[in-house]
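Note sheet for the following structure.
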Amino acid sequence: MTDTPLLLAIDEGTTSTRVVAFDLSGCIVATEGAPITQHYPQPGWVEHDAAEIWTKTEACLTAVAQRVGVGRIAAIGLTNQRETVVFWDRHSGEPLAPAIVWQDRRSADLCAELREEGLEPDVQAKTGLLLDPYFSGTKIAWAIENWPAVARAAKAGSLAIGTIDSYLLFRLTGGKVHVTDATNAARTLLMDLATCEWDEGMIERLGVPRAALPEIVDCAGALGEVELLGRRVPIAGCAGDQQAAAIGQGCLTPGLVKATYGTGAFVLAQAGDKPPVSANRLLSTVAWRLDGQAAYALEGSIFVAGSAIQWLRDRLNIIEDAAETEGLARSVPDNGGVHFVPAFAGLGAPHWRADARGLLTGLTGGTTRAHIVRACLEAMSQQTADLFDALASDGVAPARLRVDGGMVANDWVCQDLADMLAMTVERPKVIETTALGAAMLAGVGVGLFDDLAAAQAMWQADRIFTPALDGKTRRERRAGWKKAVERVLL
Ligand SMILES: Nc1ncnc2c1ncn2[C@@H]1O[C@H](COP(=O)(O)OP(=O)(O)O)[C@@H](O)[C@H]1O
Ligand SMILES: O=P(O)(O)OC[C@H](O)CO
């Protein structure tokens, strides 16, 4: 083994935590992962145990460090499921309550109340977000109101609140830092998008204890140090997973677009150095902040992507593993008239209907599991096409799309995306682009790369999918999907 430097990424996703070691050409040298338990205490509620997330992250980190040799690790980058919020004791680091996951809808009533008060236009102008339970702010308000342990700690001044990045940075540094990076802070409903500072008005309106919030910092630089196998290793990069994926995909200049298909699916279009404004209910968000200077993006959020495949596997039991979906989709010439709108957690962009629920339409006596599986995969490209229509209305018309995330291992999905978007789709060699982006940020943070553009030396292309579907079939399929969505929105 040579002693060339490595960059480690901690990628704490919704369903698993992973640690990936990259060399400076972007090849994966070692990886370790562990699943995260999903808790569904009530319909519409989703919780994680932050202590489990920390324990598993620490174990994966140690295992990879042992394997590659801790001395080779130049820096660590962290990336995470966003919006999910943790409440912990700032002395012990122990969670005081379950973490409320981004998919959780428990604050839907509060969001509706705030909308009725006419707050949404102001909220959108200030934070770039909408009044949907997806974002952390109303989850925090709910926790203070409903969990006595959290309210007590807030009164006693011992409460720390943060998204997963903030919690993991706290634990990794032995409680030395309570920070969050600007991309994660941008998802809380509490940050002023233009200044990247906490917005006192939103904090007050939602009754968030100001002292419990972390400091907002850059995405690269000296974020802290972790004691790993007897050595101190710098943590030099941090970003929410979708922003990290956009960096890992080289979406560095306005108009470049990526889509990541994990548990959910998220389309980000780089928008330059001013917060963009969407007339189509897309989100305006921070793409990264370096040296105090923010770059921005437009985002479309799809709440259910890979989790629909997991549902086919674990609840309907019509597949044994996710990879099986590819063969099944190919085994039928079309969807047989079946459409599947996987609105399990409401519909995200551009509809933003927290109350929407899933729908399977067009079933006949001839429908087979292959049709249902195919309709489930088709929902990915259809939901993406809805977002591209919204982007086009906002003046963003990309020539190609870069895709990543667990689902794009599926060639059929990638080809269907190219067909439905009528656009070239590029898949990189490393589909763990989220982790790659975090490693790139860490490389910039310790000066191994001058900037994010130089860090793109770590990106390598794998395969290009070109559109092959005729316009008539595409239009018919779009019309069939839109009809199904209309029924969901009734
Ligand atoms: N070959 C495949 N075809 C379709 N879906 C897949 C395939 N492989 C994995 N998936 C789905 O991808 C998801 C995992 O992607 P990943 O990026 O690891 O998610 P996350 O980061 O949200 O935890 C799972 O929901 C799984 O069902
Ligand atoms: O776990 P993922 O990769 O689907 O990402 C979750 C998102 O960050 C939620 O906003």
Side-chain angles (χ1 to χ4, degrees), residues 9-18 20 31 33-38 46 48 53 56 79-85 100-104 129 132-136 139 163-165 183-184 186-189 239-246 248 258-268 283 285 297 299-315 319-330 342 344-345 348-349 373-374 376-381 403-417 427 430-438:
I10 298 172
D11 176 4
E12 202 298 300
T14 311
T15 55
S16 70
T17 189
R18 284 185 291 259
V20 187
T31 178
I36 297 299
T37 316
Q38 312 293 311
V46 190
H48 285 166
I53 291 179
K56 289 185 169 168
T79 182
N80 56 289
Q81 51 164 325
R82 309 164 302 166
E83 299 95 12
T84 300
V85 63
I100 306 181
V101 177
W102 59 276
Q103 295 152 315
D104 190 292
L129 310 177
D132 188 274
Y134 173 34
F135 307 106
S136 326
K139 297 182 198 292
T163 38
I164 296 282
D165 59 310
T183 65
N184 274 293
R187 316 298 296 186
T188 58
L189 215 57
D241 56 8
Q242 302 312 318
Q243 283 84 346
K258 73 89 201 180
T260 302
Y261 298 86
T263 305
F266 301 88
V267 174
L268 256 78
L283 305 175
T285 201
E299 173 174 327
S301 323
I302 296 167
F303 294 149
V304 174
S307 50
I309 308 296
Q310 286 167 329
W311 179 77
L312 294 181
R313 186 193 62 195
D314 302 336
R315 307 277 165 163
I319 54 169
E320 266 175 30
D321 72 87
E324 214 186 309
T325 56
E326 181 162 350
L328 280 165
R330 284 189 204 287
F344 300 154
V373 166
R374 184 164 169 141
C376 182
L377 294 186
E378 285 182 352
M380 306 307 141
S381 52
V403 296
D404 56 84
M407 278 197 89
V408 306
N410 188 319
D411 285 356
W412 192 91
V413 166
C414 296
Q415 183 58 49
D416 198 49
L417 275 165
R427 182 174 67 189
V430 174
I431 59 171
E432 301 216 39
T433 326
T434 300
L436 186 63

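For reference, positions follow the sequence shown, starting with 1. Each ligand, and each atom within it, is numbered from 1 in the order the structure gives.
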Ala245 meets the side chain to side chain contact (heavy atoms under 4.5 Å, CB included) criterion, sequence neighbours left out, with Lys258, Thr260, Asp404, Thr434
### Query
Is it true that a side-chain atom of Ser16 and a backbone atom of Pro35 form a donor plus acceptor pair closer than 3.5 Å?
no
Sorted by chain and number, sequence neighbours left out, ring-ring contact (aromatic ring centres under 6.0 Å, His included) with Trp311 holds for Phe340, Phe344
Point to revise | Side chain Arg427, main chain Val408, donor-acceptor under 3.5 Å | key: yes
Q. Can any side-chain N or O of Thr84 pair as donor or acceptor with the backbone N or O of Trp102 at less than 3.5 Å?
A. yes
Does a side chain donor of either Ser307 or Gln310 reach within less than 3.5 Å of an acceptor in the other side chain? no
* Asked: So, is Gly406 polar-close to ligand 1, with some N/O to N/O distance under 3.5 Å?
  -> yes
Once you restrict both partners to nitrogen or oxygen, which atoms of ligand 2 have a protein partner under 3.5 Å, and how far apart are they?
| from | atom 1 | to | atom 2 | distance (Å) |
| --- | --- | --- | --- | --- |
| ligand 2 | 1 (O) | Thr14 | N | 3.0 |
| ligand 2 | 1 (O) | Thr14 | OG1 | 2.4 |
| ligand 2 | 3 (O) | Asp241 | OD2 | 3.1 |
| ligand 2 | 4 (O) | Thr263 | N | 3.3 |
| ligand 2 | 4 (O) | Gly264 | N | 3.2 |
| ligand 2 | 5 (O) | Asp241 | OD2 | 2.8 |
| ligand 2 | 5 (O) | Gln242 | NE2 | 3.4 |
| ligand 2 | 8 (O) | Arg82 | N | 3.0 |
| ligand 2 | 8 (O) | Arg82 | NE | 3.1 |
| ligand 2 | 8 (O) | Asp241 | OD1 | 2.5 |
| ligand 2 | 8 (O) | Asp241 | OD2 | 3.4 |
| ligand 2 | 10 (O) | Arg82 | NE | 3.2 |
| ligand 2 | 10 (O) | Arg82 | NH2 | 3.0 |
| ligand 2 | 10 (O) | Glu83 | OE1 | 2.6 |
| ligand 2 | 10 (O) | Glu83 | OE2 | 3.4 |
| ligand 2 | 10 (O) | Tyr134 | OH | 2.7 |

So the atoms of ligand 1 within less than 4.0 Å of a heavy atom of Gly262 turn out to be 15 (O), 16 (P), 17 (O), 19 (O), 22 (O)
For Thr325, the atoms of ligand 1 under 4.0 Å from one of its heavy atoms are 3 (N), 4 (C)
Note: ligand 1 atoms sitting under 4.0 Å from heavy atoms of Ser307 are 25 (O)
### Under 3.5 Å: N/O of Arg18 near N/O of ligand 1
yes
Sorted by chain and number, sequence neighbours left out, salt bridge (Lys or Arg N to Asp or Glu O under 4.0 Å) with Arg82 holds for Asp241, Glu299
Taking only non-hydrogen atoms of Ile309 and a 4.0 Å limit, the atoms of ligand 1 in range are 5 (N), 27 (O)
- Task: Mark yes or no for whether Thr79, through its side chain, and Ala239, through its backbone, hold a donor-acceptor pair below 3.5 Å.
- Result: yes
Closest to atom 6 (C) of ligand 1 by heavy-atom distance, out of Pro35, Ala322, Gly327, is Ala322
**Message:** Would Gly306 count as being in polar contact with ligand 1, using the rule that some N or O on each side must be under 3.5 angstrom apart?
**Reply:** yes
With no hydrogens and no angle check, is any side-chain donor or acceptor of Gln38 less than 3.5 Å from a backbone partner on Thr14? yes
Ligand 1 to Gln310, heavy atom cutoff 4.0 Å, flagged ligand atoms 24 (C), 25 (O), 27 (O)
Looking only at protein heavy atoms, what sits closest to atom 22 (O) of ligand 1 is Thr263 OG1, 2.5 Å
Counting from 1 in the order shown, the ligand 1 atoms closer than 4.0 Å to a non-hydrogen atom of Thr15 are 20 (P), 23 (O)
For Thr14, the atoms of ligand 1 under 4.0 Å from one of its heavy atoms are 23 (O)
Judged by heavy atoms only, the candidate from Gln81, Met407, Glu432 nearest atom 12 (O) of ligand 1 is Met407
Which of Thr15, Thr263, Ile53, Ile36 passes side-chain contact (heavy atoms from CB on, under 4.5 Å) with Gln81? Answer is Ile53
**Prompt:** Is Lys56 reaching over with its side chain to a backbone N or O of Arg18, donor-acceptor style, under 3.5 angstrom?
**Reply:** no
So, does Lys139 use its side chain to make a donor-acceptor pair with the main chain of Val85 at under 3.5 Å? no
Review point. Would you find a donor on one side and an acceptor on the other, under 3.5 Å apart, between the side chain of Gln242 and the backbone of Gly240?
Key: no
The closest protein heavy-atom partner of atom 3 (N) of ligand 1 is Asn410 ND2, 3.1 Å
Restricting to heavy atoms, the pick from Cys376, Ala323, Ala305 nearest atom 1 (N) of ligand 1 would be Ala323
